[in-house]
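Proteins get letters first, then strands, A, B, ... in listed order; numbering begins at 1 in each.
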2 protein chains.
Amino acid sequence: MQIGTAARKSGVPAKTIRYYESVGLIAAARRESSGYRAYDDLDVQTLRFIQRARGLGFSVRHVGDLLALWQDRGRHSAQVKALSKKHLEEIDAKIAALRGMRDTLEHLVERCHGDDRPDCPILADLAGLNGVEIVK
Amino acid sequence: MQIGTAARKSGVPAKTIRYYESVGLIAAARRESSGYRAYDDLDVQTLRFIQRARGLGFSVRHVGDLLALWQDRGRHSAQVKALSKKHLEEIDAKIAALRGMRDTLEHLVERCHGDDRPDCPILADLAGLNGVEIVK
DNA sequence: CCAATCCTTCTAGTTACTGGAAAGCCTAGT
DNA sequence: ACTAGGCTTTCCAGTAACTAGAAGGATTGG
C-alpha cells in the first residue's frame, strides 16, 4: 500500500510518517517502481504503536527505545518498566508544576473584579506589588 | 546598568533579554557610548513581570498582551481577567490530558512484573494487542 | 487523453530559548 | 603602556516534533 493508505489505516499523517523515517524512528520504506513508498500491515501496526506511545507522552526518542524493545523477542520486561516508570515520574512533575500555576492563577482570577476599573490583582501580582505568593 | 546586571537583578538571562528584544516583547534598549545596552530599574521590573507571567505559563505573545495592559493606565480589569481565565482553561485542559496519560501508564506499569521475562503488558497495550483501554 | 488525485523532495516556519564563535570594550594590575 | 580577564556585541545554529507550502512527477478514472 502507499503512504496515504498507511496514513489512513494508522492514523499517522503521511507527512509525519516521512518525518519519522527522516529521523530514523522507522526504517526507510521500500519503494515501488514508481518511486512511491510501499507499506504493509506490519508497518501499519508499528505506526499505531508509535501513535499510542506518543499519545502517552513518550518522546520520539523514547518511542524509539520502546520500539526496539517491542521488536526484540529477548527483551526483559524490567527495561520497559523502568523506562515507563521514569516517564511516569516526569508526567507527575509536569502535572505538579501545572497545578501550581493553576492554583495561583485561579486565586488571582477570583480576586479580579473584571469590570471597567483598571485595578487588577492579576497585574499587581505579576508586577510583584503584593506580598501574597501562593506558589513559591 | 548593563545587561548582565539587569539579568542578575531580574532573574532573566542576558541571552533571553536580547531574545525578548529581538521578538519585540520589550523595546530596544538605549545604548551607552560603548554600544552596550543600558537598563534602569523600571526595565528590571518589567523583566520581573515577564518572568512571573512566563512562570504562570503565559506564552510570550500573551505576556505581550498583559504587558500592554499593565502599562496602560486606562485598561479595564475585565480584559485582564478574560485573558487569564482563558489561560486557566488551557492549563486545565493540559492537566486533564496529562492525567489521562498518567493513569493509563500507571495502570500498565503496575501490571508489568518488571523482571527478565520478555512479557510486558506495556508493550502489549502499545501494540494494541489487548482490549483494555483505560483512557479513550 | 486529460483532469484530479496522489506521490516525490526540499525549504522554511513554529515556540522559546540556548550555545557557541569571533570580535569589540573596559578595568585592574604590572 | 600593555595585557589578562571579564564583560559585551552580533550572528549562526540547534533544540522537539512536526506542519505548510512549493514545484514537479506518477497514476488513475472517466
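Contact of Tyr36(B) with dC26(C) (side chain to base): no donor-acceptor pair of N or O atoms is detected under 3.5 Å.
When all heavy atoms of Leu105(B) and Ser84(A) are compared, the closest pair comes out as CD2-O, 3.8 Å. Of all the heavy atoms in Arg75(B) and Leu69(B), the pair that sits closest is CD-O, 2.8 Å.
Counting to the nearest Å, the P atom of dC7(C) and the CD atom of Glu21(A) are 14 Å from each other. Atom pair His62(A):NE2 and dA16(D):P shows a separation of 11 Å (rounding to whole Å applied). Taking atom CD1 of residue Ile50(A) and atom C1' of nucleotide dA16(D), one finds them 16 Å apart after rounding to whole Å. What separates OH of Tyr19(A) from C1' of dT19(D) is a distance of 11 Å, to the nearest Å. Summarising the geometry, the separation between CD1 on Ile3(B) and C1' on dT10(D) is reported as 12 Å, rounded to the nearest angstrom. Rounded to an integer number of Å, the gap from Leu56(A) CG to dA17(D) C1' is 17 Å. Whole-Å rounding puts the Lys15(A) NZ to dA12(C) C1' distance at 11 Å. The CZ atom of Arg31(A) sits 14 Å away from the C1' atom of dC6(C) (whole-angstrom rounding).
More than 12 heavy atoms of other residues, nucleotides or ligands shown are found within 6.0 angstrom of CZ on Arg31(A).
Distance from the side chain of Ser34(A) is smallest for dT27(D) among the nucleotides dT27(D), dT19(D), dC7(C). With distances taken from any side-chain atom of Ser59(B) to the nucleotides dT8(C), dC17(C), dA16(C), the minimum falls on dA16(C).
For dT10(D), one of the phosphate oxygens OP1 or OP2 lies less than 4.0 angstrom from a side-chain nitrogen or oxygen of Arg37(B). Put simply, Tyr20(B) has a side-chain N or O that comes within less than 4.0 Å of OP1 or OP2 on dC17(C). Between dA20(D) and Arg18(A), no contact under 4.0 Å exists linking OP1 or OP2 to a side-chain N or O. Within the 4.0 Å cut-off from OP1 or OP2 of dT19(D), at least one side-chain nitrogen or oxygen of Thr16(A) is found. For Gln2(A), a side-chain nitrogen or oxygen approaches OP1 or OP2 of dC7(C) to under 4.0 Å. Dashed line: the shortest gap from a side-chain N or O of Arg54(A) to OP1 or OP2 of dC18(D) is under 4.0 Å.
Side chain of Arg48(B) to backbone of Lys9(B): a donor-acceptor contact under 3.5 angstrom is found.
Remark: DNA chain D takes part in the stems C:1-30 with D:1-30, each of 3 or more antiparallel Watson-Crick or G-U pairs, criterion distances under 3.5 Å.
Of the two residues contacting DNA chain D, namely Ala38(B) and Gly35(A), the nearest-nucleotide position lying further toward the 5' end is that of Ala38(B). Along DNA chain C, the nucleotide nearest to Arg8(A) and the one nearest to Pro13(B) differ in position, and the one closer to the 5' end is contacted by Arg8(A).
Checking Glu21(A), Gln2(A), Glu32(A) one by one against Arg37(A), the side chain to side chain donor-acceptor pair (under 3.5 Å) holds for a single residue, Glu21(A).
Asp115(A) pairs by the side chain to side chain donor-acceptor pair (under 3.5 Å) definition with His113(A), Arg117(A), Ser77(B), not counting sequence neighbours.
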